Amino acid sequence: MKRFAIITGIFSGLLFGVATPFSKLLLDGLNSFQLAGLLYLGAALAMFPYIFRKDSNIKLLFQSGNRAKTLGIIFFGGFFAPLLLLAGLKSANAASVSIWLNMELVATAILGILIFKDTIDRYTWIGVFLTILAGVITSLGDGLSGITSALLITAACICWAVDNHLTALTDGASPQTVTFVKGLVAGSVNLFIGSLIASKPMISGNIVLAIVVGIFSYGFSIVLYVT
């Protein structure tokens, strides 16, 4: 079971990491709200077949015990986090952003200890320290823009860390269902806002590529991580 968890975590990270260089390219033709919206709508599209299964339990996400958690997942993980990430990506190169995105595991570990009463061993602490060190080194290479980017991406990682813990505490619904609801609601809101403030129409090629990246990097990746 532990080996399976490690393998799924590695594949989740690989799929999520692919999104960074593609997102950097897509920001030339899409604003942050549009891209964030399309990425998460792609995630929802990937999970659409799962919601018809008997074990999807989509109604459980909106019952009294889970409603606040579901709203937190949507706002922190689906709305704020991708916007902060894309804002940071604009002012830094994709390679340094990819390294700094590992701060999500740091934020998840620290929040787990402070709020959710988790415990971690000394090897995890070593990993946390080395992750922070790697992020600091790469951000220094970009000067002031690297520091600004690092702060924005750290904020995004904290939002995703909150999302991770709330998702783990959500009772009854499958990972695919959580991803579908988060992607559909947050993606629609972000895309609507992005369309309102856009200075030019979206190009169909950018729309298709963003959705495809969303399917793999924010859809299947999230499910693997939660699993």
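Being a predicted model, the structure only gives us computed values, none of them experimental. All residue numbers in this chain count up from 1 along the given sequence.
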Do any N or O atoms from the side chain of [X] and from the backbone of [Y] form a donor-acceptor pair under 3.5 angstrom?
| X | Y | value |
| --- | --- | --- |
| Ser217 | Phe16 | no |
| Asn66 | Lys69 | no |
| Gln63 | Leu60 | no |
| Lys24 | Leu89 | yes |
| Thr70 | Leu61 | yes |
| Ser12 | Thr8 | no |

Compute whether any side-chain donor of one residue and acceptor of the other, for Thr167 and Asn164, lie under 3.5 angstrom apart.
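Their side chains do not contain a donor-acceptor pair, so the 3.5 Å distance test is not met.
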Counting only heavy atoms from other residues, nucleotides and ligands, does the tally under 6.0 Å from CZ of Phe129 exceed 12?
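Counting other residues, nucleotides and ligands, CZ of Phe129 stays at 12 neighbours or fewer.
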[atom2] on [Y] to [atom1] on [X], rounded to 0.5 Å:
| X | Y | atom1 | atom2 | value |
| --- | --- | --- | --- | --- |
| Leu26 | Met202 | CG | CE | 12.0 Å |
| Gln34 | Asn206 | CD | CG | 9.5 Å |
| Leu191 | Asn31 | CG | CG | 9.0 Å |

Of all heavy-atom pairs between Ala36 and Leu83, which one has the smallest distance, and what is that distance?
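It is CB-CD2, 3.9 Å.
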Parallel, tilted or perpendicular for Tyr218 and Trp160, by the 30°/60° rule?
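Ring orientation of Tyr218 relative to Trp160: tilted.
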Is it true that Phe33 and Phe192 have ring centroids separated by less than 6.0 Å?
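They do not qualify: ring centres at least 6.0 Å apart.
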